[in-house]
Amino acid sequence: MAPRDISLLDVGDRPLRVRVEDAEDLAIAASLLQDALLPVREMTFERQDDRFAMVVHRYKWESAPSTDTVPADGDTLYSERVHCGIRFEGVGAVRTHGLDRSKRDHILNLLTIHASPGQIDLAFAGNVTIRLAVDRILCHIEDLGEPWPTVFTPSHPDSDDETAPADEASGA
């Protein structure tokens, strides 16, 4: 299952640089960030600045080979990942569910991001959720550096599983 339609955003070969200001923007950003890999050590809540920031390894859905593409004999289809900085502003608190922050080398796989009044949830595989208490939606997303090739293309079996609510106050 591929992420939602990202054709609204024609980035081509340019690094992604997006400002997210509402729920519609956030839905597009969630599509672009689906399957990003987040090392636990690469996130921080800067309480004094009301900011939550993280650096992920973003899968470049916008340049991924089509599922209809068949490689020539002996060829390998490569996709790309790129380091990507994500910064949420106006964050008053961070709560987590299912996250062991002491395992700083653990890698989280981002499934989606969604907003509801006063909060933004980042849902990860393994029943992990990071909930940001926000006064508004304001997020900056920017690719950092050059992409690198990968032969691994994320796939998602159809499932009705839901992510758990962030109800543990562990303060990311």
Side-chain angles (χ1 to χ4, degrees), residues 1-6 8-9 11 16-62 81-144 152 154-172:
M1 175 175 127
R4 286 215 284 171
D5 182 13
I6 58 173
L8 300 172
L9 214 75
V11 268
L16 180 69
R17 188 172 186 179
V18 177
R19 180 181 171 109
V20 174
E21 296 181 328
D22 59 29
E24 185 177 340
D25 291 349
L26 194 62
I28 294 168
S31 295
L32 292 165
L33 295 172
Q34 182 180 13
D35 295 302
L37 302 176
L38 171 63
V40 170
R41 72 180 170 277
E42 295 293 337
M43 65 178 156
T44 185
F45 176 39
E46 299 167 351
R47 188 171 275 116
Q48 71 280 7
D49 295 322
D50 296 331
R51 178 180 301 130
F52 179 80
M54 57 188 178
V55 176
V56 301
H57 305 172
R58 184 175 77 80
Y59 182 81
K60 292 187 65 178
W61 285 106
E62 69 276 14
R81 284 196 180 270
V82 64
H83 288 113
C84 183
I86 305 167
R87 185 175 86 232
F88 290 92
E89 304 291 349
V91 178
V94 177
R95 301 179 71 139
T96 64
H97 173 85
L99 176 63
D100 183 349
R101 295 213 10 129
S102 69
K103 295 182 178 176
R104 297 188 46 78
D105 290 330
H106 186 70
I107 306 291
L108 302 175
N109 182 351
L110 183 64
L111 299 177
T112 193
I113 304 171
H114 53 88
S116 53
Q119 64 192 34
I120 296 173
D121 285 346
L122 292 87
F124 297 88
N127 208 23
V128 173
T129 304
I130 298 174
R131 176 168 288 165
L132 310 177
V134 296
D135 53 17
R136 68 192 185 286
I137 296 174
L138 181 55
C139 175
H140 301 272
I141 301 167
E142 184 172 356
D143 286 347
L144 310 168
F152 301 105
S155 64
H156 303 274
D158 291 334
S159 174
D160 291 334
D161 294 342
E162 293 187 22
T163 56
D167 54 12
E168 295 177 14
S170 59

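Positions are given from 1, in the same order as the sequence printed here. Only this structure's heavy atoms are used, side chains among them; waters, hydrogens and symmetry mates stay out.
Contact detail for Arg58 and Cys84: the closest heavy-atom pair is CB-CB, 3.8 Å. Contact detail for Leu144 and Gly85: the closest heavy-atom pair is CD1-N, 3.6 Å. Closest non-hydrogen pair, Gly98 versus Val128, comes out as O-CG2, 3.2 Å. Heavy atoms only, all atoms of each residue included: Trp61 and Leu32 are closest at CD1-O, 4.1 Å. When all heavy atoms of Ile137 and Ala23 are compared, the pair lying nearest together is CD1-N, 3.6 Å. Closest non-hydrogen pair, Asp25 versus Val20, comes out as CB-CG1, 3.6 Å.
Atom CD1 of Ile120 sits about 11.0 Å away from atom CZ of Phe52, to the nearest 0.5 Å. Note that CG of Leu38 is 8.5 Å distant from NE2 of His57, once rounded to the nearest 0.5 Å. The CD1 atom of Ile86 sits 7.0 Å away from the CG atom of Leu110 when rounded to the nearest 0.5 Å. The CZ atom of Arg131 lies 8.0 Å from the CZ atom of Arg95; values are rounded to the nearest 0.5 Å. Put simply, CZ on Phe88 and CG on Leu26 are 6.5 Å apart, with the number rounded to the nearest 0.5 Å. Put simply, OG1 on Thr112 and CG on Leu122 are 9.0 Å apart, with the number rounded to the nearest 0.5 Å.
Within the 4.5 Å cutoff, the side chain of Glu142 has no heavy atoms near those of the Arg87 side chain. Counting heavy atoms from C-beta outward, Ile130 and Met54 have side chains that stay 4.5 Å or more apart.
Remark: side-chain polar atoms of Asp22 are paired, donor with acceptor, to backbone N or O of Glu24 under 3.5 angstrom.
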- Message: Could you go through Ser116 and Gln119, starting from their C-alpha distance and side-chain angles, then the distance that decides it, and tell me whether this counts as side-chain hydrogen bond (donor to acceptor under 3.5 Å, both in side chains)?
- Response: CA-CA 6 Å; Ser116 53; Gln119 64 192 34; 3.1 Å; yes

- Step by step, would you call Glu89 with Asp50 a side-chain contact (heavy atoms from CB on, under 4.5 Å)? CA-CA 6 Å; Glu89 304 291 349; Asp50 296 331; over 6 Å; no

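Evaluation of the salt bridge (Lys or Arg N to Asp or Glu O under 4.0 Å) rule for Asp135 yields no partner, not counting sequence neighbours.
The side chain to side chain contact (heavy atoms under 4.5 Å, CB included) test with Leu108 is passed by exactly one of Val56, Val40, Leu37: Val40.
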